[in-house]
There are 2 protein chains.
Amino acid sequence: MNISTKTEYAVRALTELAINSTDKPVSINDICKNQNLPVKYIEQLFRKLKQNGLVKSVHGAKGGYQLALKIHNISLKDIMEAVDENYVAPFCNGNAEEHVHCIGLPCGFKELWDEINEHTENYFDSIKLDQIVARL
Amino acid sequence: MNISTKTEYAVRALTELAINSTDKPVSINDICKNQNLPVKYIEQLFRKLKQNGLVKSVHGAKGGYQLALKIHNISLKDIMEAVDENYVAPFCNGNAEEHVHCIGLPCGFKELWDEINEHTENYFDSIKLDQIVARL
DNA sequence: GGATAACATATTAAATTAGTATGAATTGGC
DNA sequence: GCCAATTCATACTAATTTAATATGTTATCC
């Protein structure tokens, strides 16, 4: 149970966008200089962030990225889901055929995993980018 | 961010101990038969659980494992910490020398990671084995 | 047209995961 | 005392994941 490097990097990088929230896009290069992050790796993360609608991009020279949403509408959960796909693990959906160790039906642990998933999702969704930025 | 197979297995296995909570120890073999788990892997997990004081063991024939604590005194956090060492990730302790990407001191993100760690620790510590068993 | 920067895909080295293999030490029952 | 059952201990392994790097293409500004 831990927060991945991907999530950490994405938070750091998006924070840069939030801080430089003028109308001009910020390039990956600038982001990585400020946060000391590997450029090519961050490029990959930003493509995922874009696919998930968290950022928008401007091509070509003087191009770069901008937040696609207001900073109070981007949660840590959003970021984790974007870069880290399936960030919580509901091992068992109650269906023995899809989970080797569940011999009987229904699986008695499903309720537990579901509850954990719901709790952690809600928690990470409650942490918004503006709060993160505010505490820097 | 997910719950590991180790934790899942440990929960399932400890649940078996909790259910068969007579004075007789339960063997790894029986546990694994009931929960359909890999014997040798569970052996390893139980050694860790023992090192962490969650279970006690009886050597030799008719031996096996028993819970070392009352089931309301064993939390999901205890289990995770035992089998999954460092189950939360405080990437940055505020010290740049120990975290490559923190250029400046103090690291502005430390507070965030600390808060997440504390929250998730408290949450998993609030889930006790008796509650898990009760809902099976 | 050249520099800048996003976009895309392939590769890679190291670490982690989820086991398996082998064997030693300990105990209960016959 | 021996045998089976069982914990205990360590080493190995195959597959996956992680955290990148490498190479190149496409789009845009000046």
For C:dC7, does either OP1 or OP2 sit under 4.0 Å from a side-chain N or O belonging to A:K50?
yes
Looking at C:dA5, I'd like to know if its phosphate oxygens (OP1 or OP2) sit under 4.0 Å from a side-chain N or O belonging to A:S57.
no
Check whether any side-chain heavy atom of A:L136 sits under 4.5 Å from a side-chain heavy atom of B:F109, and report yes or no.
yes
Enclosure of B:Q131 CD (heavy-atom neighbours >12, cutoff 6.0 Å)
yes
Length of the line joining A:N29:CG and C:dC7:C1', which is rounded to integer Å
15 Å
Side chain of A:H59 only, please: which of C:dT27, D:dA27, D:dA20 is the nearest?
D:dA27
Choosing from C:dA6, D:dT7, D:dT21, which nucleotide comes nearest the side chain of A:P38?
D:dT21
Length of the CD-C1' vector between B:E43 and D:dT6, whole Å:
8 Å
Tell me whether the rings of B:Y9 and B:Y41 are parallel (<30°), tilted (30 to 60°) or perpendicular (>60°).
perpendicular
Could you give the CG-to-P distance, from A:L49 to C:dC7, as a whole number of Å?
11 Å
Short side-chain to backbone donor-acceptor contact, B:K6 and B:I3, under 3.5 Å:
no
Taking the side chain from B:D78 and the backbone from B:I74, do they hold a donor-acceptor pair closer than 3.5 Å?
no
Each nucleotide of nucleotides 9-17 of chain C classed B (base within 4.0 Å of a protein heavy atom), S (only sugar-phosphate) or -, in 5' to 3' order, makes BB-------
Check this for me, if you would: do A:R12 and A:E8 make a salt bridge, where the nitrogen-to-carboxylate-oxygen distance has to be below 4.0 angstrom?
yes
OP1 or OP2 of C:dC7 less than 4.0 angstrom from a side-chain nitrogen or oxygen of A:Y65, does that happen here?
yes
Nearest-angstrom distance from the residue atom CG of B:D30 to P of D:dA5
12 Å
Between D:dT6 atom P and B:K56 atom NZ, what is the distance in whole Å?
19 Å
Spacing of B:K24 atom NZ relative to C:dG28 atom C1', expressed in whole Å
14 Å
Side chain of A:S27 - closest among C:dG28, D:dC29, C:dA5:
C:dA5
What integer distance in Å separates B:L45:CG from D:dA9:P?
15 Å
For A:V11, the option from A:I127, A:I79, A:V83 that meets side chain to side chain contact (heavy atoms under 4.5 Å, CB included)
A:I79
When the distance from CZ of A:F46 to C1' of C:dA5 is rounded to whole Å, what number comes out?
13 Å
